[in-house]
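Here's the structure, in structure tokens; my notes come after.
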Amino acid sequence: MHKNRINILGTEFDNFTEKQFHLYLDNDLDFKANKFIVTPNPEIVLSARKDANFSKIINNADYVIPDGIGIIKGAKTLGTPMHERITGFDTLKYLIEAANRKLLKVYILGSKPEVIEATANKIKKDYPQIDLVGYHDGYFKDEGEIAQEIITKKPNLVLVALGSPKQEIFINKYKDQLNAVWIGVGGSFDVFSGTKKRAPKIMQKLNLEWFYRLVKEPTRFGRMLAIPKYLNMINKEKKARQKNK
């Protein structure tokens, strides 16, 4: 799947439509394939630039999908346009719906105790054909013990919300011990469980989800500063590429 990836400041993204991606995921779940999905946004691209090990983990993943309008804009600026943005949240929802359709086993890990509890309850209530084999919040002392529990319960889908890069490092370390689709979902359980609201549809369409989140959580301001920094680096990269032509 790594062919024809698009390099954005060192992170290599898959370039397909959401529809194509969903077909691949359906196939992977049907064939019990071992797959690792990463959903980088500009902030993750910048941290991967600073950390060679993290960068390697991302670029070795089976799917690297563009979560964040900044990635799409960056690709266009660099003259390598991508089909469309594929958000981590929409991917999480699709995987849960697919697991329900296919009667699969699911394990969820991470978030605060009340969020993971609310997520587990929502899965049990709204997706009754899923076999939720286990869940645990993100506050654990022994990650080996948690990993062992996941491997023993043999889920087909493992959703990990430990924040980046912690979730990617965790998945990369243990994924080869279990054939499942593994994905790091960041803060998606907050929205999925209804603990936090997602931006209104109109703001999603206008690519203003980041602004909605900032208004709701002003403490994110520091993290948001990654975006201008990222765009500045994209422009520098564009000049460098033009120079080398």
Side-chain angles (χ1 to χ4, degrees), residues 17-39 41 63 65 67-68 84-140 146 149-164 167 170-171 175 178-205 209-210 212-213 216-217:
T17 64
E18 189 170 50
K19 212 172 170 181
Q20 283 172 314
F21 182 43
H22 288 171
L23 287 173
Y24 295 142
L25 294 179
D26 272 317
N27 219 17
D28 294 335
L29 291 168
D30 287 343
F31 288 97
K32 309 231 177 328
N34 188 334
K35 297 288 177 178
F36 175 18
I37 307 164
V38 186
T39 65
N41 57 17
Y63 299 112
I65 61 169
D67 180 7
E84 60 183 324
R85 176 184 175 206
I86 302 174
T87 72
F89 181 75
D90 291 329
T91 303
L92 162 76
K93 266 188 77 176
Y94 185 80
L95 284 166
I96 287 176
E97 284 158 10
N100 189 54
R101 251 193 348 262
K102 298 171 190 293
L103 318 176
L104 299 178
K105 293 180 183 175
V106 176
Y107 191 102
I108 55 174
L109 173 66
S111 297
K112 292 178 182 153
E114 63 273 23
V115 173
I116 201 78
E117 201 66 57
T119 303
N121 289 337
K122 185 177 168 71
I123 289 174
K124 287 172 192 165
K125 185 172 150 281
D126 296 349
Y127 303 92
Q129 307 197 94
I130 281 179
D131 180 4
L132 187 64
V133 292
Y135 62 94
H136 200 289
D137 60 53
Y139 301 86
F140 48 83
I146 294 285
E149 186 192 335
I150 295 171
I151 292 153
T152 307
K153 297 201 163 167
K154 293 190 166 57
N156 310 103
L157 176 61
V158 186
L159 308 167
V160 184
L162 298 174
S164 203
Q167 58 193 20
F170 176 88
I171 293 172
K175 68 179 174 67
L178 172 74
N179 281 347
V181 171
W182 301 71
I183 180 173
V185 297
S188 291
F189 288 157
D190 289 331
V191 179
F192 178 77
S193 65
T195 316
K196 281 184 191 160
K197 278 195 163 56
R198 193 177 184 187
K201 277 270 189 289
I202 180 76
M203 288 187 104
Q204 292 176 40
K205 274 211 167 68
E209 256 180 291
W210 62 272
Y212 177 83
R213 292 222 290 267
K216 288 280 182 198
E217 300 170 69

The reported gap from OG in S188 to CG in D67 (rounded to nearest 0.5 angstrom) is 7.5 Å
Looking only at heavy atoms, the pair that brings W182 and L178 closest together is NE1-O, 3.3 Å
- Presence of salt bridge, E97 and R101, under 4.0 angstrom: no
d(K32 NZ, K154 NZ) to nearest 0.5 Å is 12.5 Å
Review point. Going by heavy atoms in the side chains, are L104 and D131 under 4.5 Å from each other?
Key: no
Review point. Should F170 and I150 count as side-chain neighbours, where that means a heavy-atom distance under 4.5 Å?
Key: yes
Q | Heavy-atom side-chain contact between V38 and I65 under 4.5 Å | A | no
Does a salt bridge link D137 with K112, judged by any charged N lying under 4.0 Å from a carboxylate O? no
Practice prompt. Could you please spell out the steps behind the side chain to side chain contact (heavy atoms under 4.5 Å, CB included) verdict for Y24 and K35?
Written response: CA-CA 10 Å; Y24 295 142; K35 297 288 177 178; over 6 Å; no
Rounded to the nearest 0.5 angstrom, the CG-CD1 distance for N179 and I151 is 11.5 Å
The complete set of ring pair (Phe, Tyr, Trp, His ring centres under 6.0 Å) pairs with one or both residues in residues 108-130, sequence neighbours excluded, reads none
One should read off an interatomic distance between Y139 OH and S111 OG, to the nearest 0.5 angstrom, of 8.0 Å
All heavy atoms of T39 vs all of G88, minimum pair found to be CG2-CA, 3.9 Å
Practice prompt. Indicate yes or no: at least one non-hydrogen side-chain atom of F189 is less than 4.5 angstrom from one of I108.
Written response: yes
Self-check item: Evaluation steps, side chain to side chain contact (heavy atoms under 4.5 Å, CB included), between F192 and L92
Solution: CA-CA 9 Å; F192 178 77; L92 162 76; 4.1 Å; yes
Contacts of H22 meeting side-chain contact (heavy atoms from CB on, under 4.5 Å) (sequence neighbours excluded), chain-then-number -> E18, L25, Y94
Distance col, row T119:OG1 vs D190:CG, nearest 0.5 angstrom, shows 7.5 Å
- Message: Ring centroids only, cut at 6.0 angstrom: are Y63 and F21 within range, meaning strictly under it?
- Response: yes
| field | K102/D26 under side chain to side chain contact (heavy atoms under 4.5 Å, CB included): CA gap, chis, key distance, verdict | value | CA-CA 9 Å; K102 298 171 190 293; D26 272 317; 3.0 Å; yes
All heavy atoms of I171 vs all of I183, minimum pair found to be CD1-C, 3.5 Å
Any side-chain heavy atom of K105 sitting closer than 4.5 Å to one from L157? no
Of all heavy-atom pairs linking P128 and N100, the shortest is N-OD1, 3.5 Å
Those residues at least two apart in sequence (or on a different chain) that pass salt bridge (Lys or Arg N to Asp or Glu O under 4.0 Å) with K93 are none
Closest heavy-atom pair, T91 versus T87, reported as atoms and distance to 0.1 Å, is OG1-O, 2.8 Å
Sub-3.5 Å donor-acceptor pair from the side chain of N121 to the main-chain atoms of E117, do we have one?
-> yes
Quiz item: Can L95 and L29 be said to form a side chain to side chain contact (heavy atoms under 4.5 Å, CB included), step by step?
Solution: CA-CA 9 Å; L95 284 166; L29 291 168; 4.2 Å; yes
**Prompt:** Are any side-chain N or O atoms of K196 and backbone N or O atoms of V191, one a donor and one an acceptor, separated by less than 3.5 Å?
**Reply:** no
Practice task
Evaluate the side-chain proximity of V106 to N156: yes if any heavy-atom separation is below 4.5 Å, no if none is.
Solution key: no
Note: G110 and L162 closest approach over all heavy atoms is CA-CD2, 3.8 Å
- Output yes when a side-chain donor or acceptor of N34 lies under 3.5 Å from a complementary backbone atom of K175, and no otherwise. yes
| Is any side-chain heavy atom of I146 closer than 4.5 Å to a side-chain heavy atom of L109? | yes
